[in-house]
Amino acid sequence: MGTEFKHYQHAHCESGVTANLLRHDGINITEPMAFGIGAGMFFGHLPFVKVNGTPGSTFRTWPGAIFKRVMNRLGVEMHTERFRSPEKAMQALDAVLAQGRPVGILCSVYYLPFMPEAFRFHFNAHNTVIYGKEGDEYLVSDPILEDVARIKYDDLVKARFAKGTPEPRGFMYYIKNTPANIDYEKAIKAGIKQTSWFMLSPPLPWFGNSAIFLLANRIKKYPQTLPPRKAALYLGNVIRMQEEIGTGGAGFRFLHAAFLQEAGEMLKRDDLLRFSEELTAIGDDWRNFAYHAARIMKARQSDLVSYDELSGLLRICGEKEKDFFKRMDKIKW
Amino acid sequence: MKINEVPQDPKNFKEGENLRKLMYAVDKDGKYTGVNSAGWEAENFAMKQAWDEVEQELAETETKVKAGELSPLAYFMQKTLMDVPLLAKYVGKWEWQVKRHMKPSVFQTLKPETLQKYATIFNITVDELTGFGK
């Protein structure tokens, strides 16, 4: 069993899987486009949800949302399914592969032997494509890798039925039907509107733009409330979430900026091109923040001044984005 | 980020250098394009720090197991990067039960089936589990 599947490397797993699956079905879409239409950019900081003992931060929307929104907005018919038993989940996967369809799955990175060990933590929201089967091995197109890979049946079962939060429970998804015509303008507009809304609207302090300030305030207090080793670990976790988890740098800002540029060119709108340039500059500010955070961690300093400055750098990102999304929200279509 | 600013600092630990990630950066005309990156000093440091923490805690636990303060369960739990809530989910028990099994005295009384369950989760044999630290 196998299909002719063309593998492209991408920056982020879910937008990458979405783009790869769509391209396979003849819809020529780039990763930034999938990410923007799917409104993938988000921010959240949950000090009370501890991930491996450190407060959780997120720079993206919840798993599965990008794929679902892109398919809805482009009018693509898809199938999604969760399973109770591994046997049923594997049978269902085999059946779809036998039809020659590549399948997207949700899995834990920890149980993917083809991933470099450095990345293999218990992270259960990884997306990858299975595009065929040879004997006991499945053919894998993992969007964040340069090349395709293989995985054994038993390992795939473990990855698909990993425990923890969120539990993938064998989640799989594939495209059933594609429309003859796609209204990209409508889809782009919906993606842009939703991203601005998500960043600005949540009235809760833990989500959207306000959460950036929440994190900035917390960082300021790290040296007072935490032992130096803990403070460094908390900072390190923020940087890992920002840079490491398939974002390709600066917490998805560059990805979203690339989307705005492509959208601006497609719809011939100079305002979107200018917004793209602006967001690129904001992405650089986030990089600057990460760079300084790493310097503090390295120097093992925990003096108030350095953490104060770092908090200030993050506030700059927050202020600029607040202004940015407020203006994006008012775009006339 | 401009193309020439895309960092190329290899990770050089735990096969991290084998993954050259794709990043989006702008060329000299301001146009976005995908560029491979070997890694970035800042993120490498954050990742190394997370692994160092894992290894440091693991070494501390190993000492405690050898001193008879903790059961081998604690060691293999950390070795597989789990914590008590996660291990409890895998083994299908309450967290307080798993915590109890970390006591050497309770660990010695565990049934063979329970030991086998733990060993399977850790991908080792029962002998490896019970024999650790002796």
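Keep in mind that the numbers below use all heavy atoms, side chains included, and drop hydrogens, waters and symmetry copies. Order of the sequence lines fixes the chain letters, A, B, ..., with proteins taken first and strands second; residue numbering starts at 1 for each chain.
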Flag, side chain of [X] to backbone of [Y], donor-acceptor distance under 3.5 Å:
X	Y	result
A:Gln261	B:Gly30	yes
A:Glu146	B:Leu19	no
B:Glu53	A:Leu233	no
A:His122	B:Leu86	no
B:Asn18	A:Pro116	no

Taking everything shown except [X] itself, do over 12 heavy atoms lie less than 6.0 Å from its [atom1]?
X	atom1	result
A:Lys50	NZ	yes
B:Lys103	NZ	no
A:Arg169	CZ	no

Considering all heavy atoms, the nearest [X]-[Y] contact:
X	Y	result
B:Phe45	A:Met297	CE2-CB, 3.3 Å
B:Met1	A:Asp284	N-OD1, 3.0 Å
B:Lys79	A:Tyr110	O-OH, 4.4 Å
B:Ala46	A:Gly236	CB-O, 3.5 Å
B:Tyr90	A:Lys163	OH-N, 3.0 Å
B:Phe13	A:Ala118	O-CB, 3.9 Å

Check: [Y] and [X] side chains under 4.5 Å, non-hydrogen atoms:
X	Y	answer
B:Pro7	A:Arg287	yes
B:Gln49	A:Arg240	no
B:Met23	A:Phe254	no
A:His10	B:Tyr24	yes

In terms of heavy-atom pairs under 4.5 Å with chain A, which of [options] leads?
options	answer
B:Gly34, B:Ala50, B:Ser37, B:Gly39	B:Ala50
B:Thr33, B:Asp83, B:Val26, B:Asn36	B:Asn36
B:Val54, B:Thr80, B:Val6, B:Val35	B:Thr80

Under 4.5 Å from any heavy atom of chain B - which part of [X]:
X	value
A:Ala257	both
A:Glu262	neither
A:Ala232	both
A:Glu277	neither

- Message: Under the criterion side chain to side chain contact (heavy atoms under 4.5 Å, CB included), I'd like the reasoning laid out for A:His12 against B:Lys21: C-alpha separation, chi angles, the key distance, then a yes or no.
- Response: CA-CA 9 Å; A:His12 168 56; B:Lys21 293 202 297 189; over 6 Å; no

- Note on the structure: Highest number of heavy-atom pairs under 4.5 Å with chain B among A:Gly16, A:Pro32, A:Ala293 belongs to A:Pro32

- Message: Among A:Glu167, A:Gln9, A:His292, which residue has the highest count of heavy-atom pairs closer than 4.5 Å to chain B?
- Response: A:Gln9

Under a 4.5 Å heavy-atom cut-off, does chain A meet the side chain of [X], its backbone, both or neither?
X	answer
B:Lys48	neither
B:Lys11	side chain
B:Asn12	neither

- Query: Is B:Glu15 salt-bridged to A:Arg120, going by a charged N under 4.0 Å from an acidic O?
  - Reply: no

- Query: Is there a side chain to side chain contact (heavy atoms under 4.5 Å, CB included) between B:Lys14 and A:Phe119 once you walk through the steps?
  - Reply: CA-CA 9 Å; B:Lys14 291 195 185 286; A:Phe119 293 86; over 6 Å; no

- Going from CG on B:Leu22 to CG on A:Leu145, what distance comes out if it is rounded to the nearest 0.5 angstrom? 12.0 Å

- Output, in order, the C-alpha distance, side-chain angles, deciding distance and verdict of side-chain hydrogen bond (donor to acceptor under 3.5 Å, both in side chains) for A:Thr280 and B:Tyr32. CA-CA 10 Å; A:Thr280 303; B:Tyr32 262 102; 2.7 Å; yes

- Message: A:Arg295 vs B:Glu41, test: salt bridge (charged side-chain N to carboxylate O under 4.0 Å, His left out). Steps then yes/no.
- Response: CA-CA 10 Å; A:Arg295 274 186 48 172; B:Glu41 201 194 339; over 6 Å; no

- Query: Going by the angle between their ring planes, with limits at 30° and 60°, are A:Tyr291 and B:Trp40 parallel, tilted or perpendicular?
  - Reply: parallel

